[in-house]
Each structure stands twice: as C-alpha cells, then as structure tokens.
Trainee: 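Just dropping this structure here.
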Amino acid sequence: MSLELTDITLTYADGETRLTALDRVTLQVPEGSLTAVVGPSGSGKSSLLAVAATLITPDAGTVAVDGTPTAGLSRGELAELRRHRIGIVFQQPNLLPSLTAAEQLQVMARMGGRDAGRARARALELLDAVGLVDQAHRRPHQLSGGQRQRVNIARALMNDPTVLLVDEPTSALDHERGAAVVELIARLTRERATATVLVTHDRAHLTAADRVAEVHDGRLRRPAPTG
Ligand code: ADP
Ligand code: MG
C-alpha cells in the first residue's frame with residue numbers, strides 16, 4: 001500500500017478546549033489509484049491532506065508512505081521523504097512570478113549543475129504530459145488559471161512521487177476547465193502509478209475517481225468504489 005493512514009486523530013487548540021479536526025480516520029490508497037475525498041467546508045479535508053503529507057503530526061494514529069512508517073522520523077528525514085515521495089498540489093498554484101513554466105519545475109529538482117540538462121528534459125516531458133510544452137517559456141501572468149494549475153500539477157510530479165495529494169485544484173476554475181484538470185489528475189495517476197488523494201467539493205468530479213470517501217465532522221466514511 002503506497003499511503004496508509006491508520007486511526008488518525010488530530011485536534012487543534014480552540015480557546016480553552018480542543019477542536020477535533022480528524023476523528024479516528026483510516027484510509028489506504030494503493031498505487032495507481034485515485035481516491036476522492038468529499039465533504040462540507042470545515043469537515044477536515046485539508047487537515048487530512050496535511051497529515052498525509054507529514055506536514056502535521058497527528059495526536060494519535062500512524063502514517064506510512066511507501067511502507068515506511070513516518071512516526072520515528074526526524075524533521076530532516078520527513079523533509080527528505082516529502083521531497084522524494086510526496087507530491088503536493090495546493091488550492092492556489094503559488095507559482096513564482098519571475099520563473100517560466102519550465103523553470104517552476106526545474107527548481108524542484110535538487111540536482112547539481114551536472115544534471116541541469118536532465119532536470120530541463122524532465123520538466124519539458126512533464127509539461128508535455130499536461131499539454132503545456134508549447135507554453136514552457138511563459139511566466140505565470142502569461143498563463144490562464146487552468147494552465148497555471150496544470151503547471152502546478154506537473155511541478156508536483158517532478159521528483160516522481162509515490163503519493164500525490166491534491167487539495168481542491170478546481171476551486172478557481174469554471175466547470176469545464178475544472179473537469180479537464182480532474183481528468184488530467186486521473187490520467188497521470190494511472191500513467192505515473194501514484195497513490196492519489198483528491199479533495200474536491202464538486203460531486204461532478206467523482207466519476208474520475210476509483211473510490212470516494214466522505215468526510216463529515218472529521219469522520220471518514222469507508223471509501224466506496226465509484227460507478
Ligand atoms: P476543510 O478542508 O474540509 O474545509 P479543514 O481541515 O481546513 O477543513 O478544517 C477542519 C476544522 O479544523 C475546521 O473546523 C477548521 O476551522 C479547523 N482548523 C483547520 N486548521 C486549523 C488550525 N491551524 N488551527 C485551528 N483550527 C483549525
Ligand atoms: Mg480545505
């Protein structure tokens with residue numbers, strides 16, 4: 001199993017008490033499969049992704065990436081794990097304004113000067129996979145919202161991650177462009193064999209997923225196959 005969350009509980013400080021954002025959540029995502037997570041605003045979807053991304057340590061429960069339990073890892077080891085095994089796509093593309101599309105990807109590759117050519121080739125290959133190779137020289141302000149989100153997705157794949165975590169990638173897009181981005185994520189999941197978790201509030205996108213998990217008040221209903 002590429003991503004395994006087991007019995008995760010996460011609380012946040014909330015004045016005098018604590019707010020339970022995730023309540024004994026268990027989720028397993030095999031490689032090459034897309035699990036959609038849906039639920040109302042504030043139900044814990046982004047918290048779930050942050051725990052899966054090892055950006056937040058839960059109060060209880062375990063996270064394993066690629067069979068590696070993350071519990072005993074140091075901060076440095078977690079950063080290393082994220083760099084090599086986890087691709088993260090946040091809601092907003094947060095691209096660097098001064099860099100071209102290709103350069104956004106190249107900065108992800110921690111390769112020395114010797115391998116700069118390889119990073120460039122990989123960046124162009126991924127931009128091609130998301131249908132943007134002819135836009136490789138453009139900067140963010142020269143791209144549409146949908147194109148920026150596709151650069152964002154390509155960037156998350158730069159280090160060939162095992163796990164791909166995507167948080168509401170279509171919230172700034174119209175329905176048609178949003179559907180195209182979700183289709184793209186589904187195709188890349190199969191082609192690159194990532195264990196993908198896609199958070200969305202748009203039920204129209206669920207047909208692209210292999211499984212759908214619903215979250216309410218921090219509780220995850222067991223994922224069910226789509227169709
Ligand atoms: P969703 O992504 O489904 O909208 P979140 O995971 O962002 O939900 O939030 C779940 C709950 O946790 C909400 O009640 C939210 O207000 C709360 N929450 C999220 N992040 C924090 C934080 N850093 N500190 C305190 N409370 C938070
Ligand atoms: Mg959220």
Side-chain angles (χ1 to χ4, degrees), residues 1-3 29-34 49-50 52-55 63-70 73-167 169 177 180-198 208:
M1 200 60 66
S2 293
L3 174 65
V29 187
E31 72 168 49
S33 78
L34 176 60
L49 285 193
T54 75
L55 291 167
V63 178
V65 174
D66 234 353
T68 305
T70 61
L73 300 183
S74 68
R75 287 171 68 127
E77 287 167 334
L78 285 177
E80 194 69 5
L81 179 87
R82 279 196 295 276
R83 200 144 49 228
H84 294 290
R85 313 263 188 99
I86 304 176
I88 305 173
V89 178
F90 292 112
Q91 220 159 328
Q92 296 300 327
N94 64 336
L95 301 173
L96 300 164
S98 62
L99 299 186
T100 67
E103 288 163 352
Q104 310 281 345
L105 275 63
Q106 285 167 248
V107 296
M108 293 301 287
R110 290 172 43 95
M111 298 171 176
R114 191 162 52 92
D115 285 331
R118 230 174 73 201
R120 173 96 189 155
R122 175 149 179 88
L124 294 177
E125 185 254 324
L126 281 166
L127 287 175
D128 193 30
V130 301
L132 285 181
V133 75
D134 54 341
Q135 311 289 319
H137 61 288
R138 292 193 188 268
R139 295 178 209 286
H141 73 274
Q142 300 168 307
L143 299 169
S144 72
Q147 288 174 329
R148 283 199 288 271
Q149 196 52 287
R150 284 192 278 156
V151 172
N152 196 18
I153 292 163
R155 181 176 59 178
L157 293 169
M158 190 64 186
N159 290 331
D160 204 15
T162 311
V163 172
L164 181 62
L165 304 170
V166 191
D167 198 353
R177 289 196 177 80
V181 162
V182 170
E183 284 303 326
L184 173 67
I185 290 165
R187 175 168 64 76
L188 293 169
T189 295
R190 290 189 298 271
E191 288 176 2
R192 316 253 155 191
T194 53
T196 304
V197 181
L198 168 70

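These numbers come from the heavy atoms of this one structure, side chains and all, not from hydrogens, waters or symmetry mates.
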Trainee: If every non-hydrogen atom of Gln147 is compared with every non-hydrogen atom of Leu132, which pair is closest and at what distance?
Mentor: O-CD1, 3.4 Å

Trainee: Evaluate Arg122 against Leu105 for side-chain contact (heavy atoms from CB on, under 4.5 Å), listing each step before the verdict.
Mentor: CA-CA 9 Å; Arg122 175 149 179 88; Leu105 275 63; over 6 Å; no

Trainee: What's the shortest heavy-atom distance between Pro97 and Pro140, and which atoms?
Mentor: O-CD, 3.5 Å

Trainee: Between Glu77 and Arg83, does any side-chain N to carboxylate O distance fall below 4.0 Å?
Mentor: no

Trainee: Atom OG1 of Thr68 and atom CG of Leu73: how far apart are they, to the nearest 0.5 Å?
Mentor: 7.5 Å

Trainee: Going by the rule side-chain contact (heavy atoms from CB on, under 4.5 Å), which residues pair with Pro161 if we only count those two or more places apart in sequence or in a different chain?
Mentor: Leu157

Trainee: Begin from the C-alpha positions of Ile153 and Val181 and carry the test side-chain contact (heavy atoms from CB on, under 4.5 Å) through to its verdict.
Mentor: CA-CA 9 Å; Ile153 292 163; Val181 162; 3.8 Å; yes

Trainee: Quick one: pull up CG in Leu127 and OG1 in Thr100 and give me the separation to the nearest 0.5 Å.
Mentor: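 Between atom CG of Leu127 and atom OG1 of Thr100 there are 8.5 Å.
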
Trainee: May I ask you to check whether Asp66 and Ser2 show a side-chain donor-acceptor distance below 3.5 Å?
Mentor: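 No, no side-chain donor-acceptor pair sits under 3.5 Å.
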
Trainee: Just wondering, do Val166 and Leu164 contact through their side chains at under 4.5 Å, heavy atoms?
Mentor: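 Sidechains of Val166 and Leu164: in contact.
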
Trainee: Please report the closest heavy-atom contact between Leu184 and Ala129, naming both atoms and the distance.
Mentor: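 Residues Leu184 and Ala129, closest heavy atoms: CD1-O, 3.8 Å.
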
Trainee: Starting at CD of Glu80, measure out to OG of Ser74 and round the result to the nearest 0.5 Å.
Mentor: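 One finds 9.5 Å between CD of Glu80 and OG of Ser74.
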
Trainee: Would you mind reporting whether Leu34 and Arg190 have side-chain heavy atoms less than 4.5 Å apart?
Mentor: no

Trainee: Heavy-atom distance under 4.5 Å between the side chains of Arg192 and Leu126, does that happen here?
Mentor: yes

Trainee: Quick check against the 3.5 Å criterion: does Thr194 have a side-chain atom that pairs as donor or acceptor with the backbone of Thr162?
Mentor: no

Trainee: For Arg120, which residues count as a salt bridge (charged side-chain N to carboxylate O under 4.0 Å, His left out) partner, sequence neighbours excluded?
Mentor: none

Trainee: Looking at every heavy atom in both Ala52 and Ile86, which two are closest together, and how far apart are they?
Mentor: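 That would be O-CD1, 4.0 Å.
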
Trainee: Could you list the residues that satisfy side-chain contact (heavy atoms from CB on, under 4.5 Å) with Ser33, not counting sequence neighbours?
Mentor: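 Partners of Ser33 by the side-chain contact (heavy atoms from CB on, under 4.5 Å) criterion, ordered by chain and then number, come out as Val29, Pro30, Asp210.
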
Trainee: Any side-chain heavy atom of Gln104 within less than 4.5 Å of one from Leu96?
Mentor: yes

Trainee: Near Glu31 CD, under 6.0 Å, is it more than 12 heavy atoms from other residues, nucleotides or ligands?
Mentor: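 It does not: Glu31 CD has 12 such atoms or fewer within range.
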
Trainee: Hey, are the side chains of Leu3 and Leu165 touching, using non-hydrogen atoms and a 4.5 Å cut-off?
Mentor: yes

Trainee: Is it true that a side-chain atom of Thr189 and a backbone atom of Ile185 form a donor plus acceptor pair closer than 3.5 Å?
Mentor: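 Here the side-chain-to-backbone pair exists.
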
Trainee: Nearest 0.5 Å, what's the CZ-CD distance between Arg118 and Gln106?
Mentor: 13.0 Å

Trainee: Is there a side-chain contact between Val130 and Leu188, using heavy atoms and a 4.5 Å cut-off?
Mentor: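 Touching, per the 4.5 Å side-chain cut-off.
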
Trainee: With sequence neighbours left out, what residues match Glu183 under side-chain contact (heavy atoms from CB on, under 4.5 Å)?
Mentor: Ala208

Trainee: Does Arg138 form a side chain to side chain donor-acceptor pair (under 3.5 Å) with Gln135? I'd like the steps, not just the answer.
Mentor: CA-CA 5 Å; Arg138 292 193 188 268; Gln135 311 289 319; 2.7 Å; yes

Trainee: Can you confirm whether Thr70 sits close enough to Leu81 that some side-chain heavy atom of one is under 4.5 Å from a side-chain heavy atom of the other?
Mentor: yes

Trainee: Any side-chain heavy atom of Val107 within less than 4.5 Å of one from Met158?
Mentor: no

Trainee: List in chain and number order the residues that pass side-chain contact (heavy atoms from CB on, under 4.5 Å) with Asn94, two or more places apart in sequence or in another chain; answer none if no residue qualifies.
Mentor: Asn152, Arg155

Trainee: Rounded to the nearest 0.5 Å, what separates atom CD in Gln149 from atom CD in Gln91?
Mentor: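 Gln149 CD to Gln91 CD: 9.0 Å, rounded to 0.5 Å.
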
Trainee: Check the pair Arg82 / Leu55 against side-chain contact (heavy atoms from CB on, under 4.5 Å), numbers first and verdict last.
Mentor: CA-CA 9 Å; Arg82 279 196 295 276; Leu55 291 167; 3.7 Å; yes

Trainee: The criterion is salt bridge (charged side-chain N to carboxylate O under 4.0 Å, His left out); which residues satisfy it with Arg139, sequence neighbours excluded?
Mentor: none

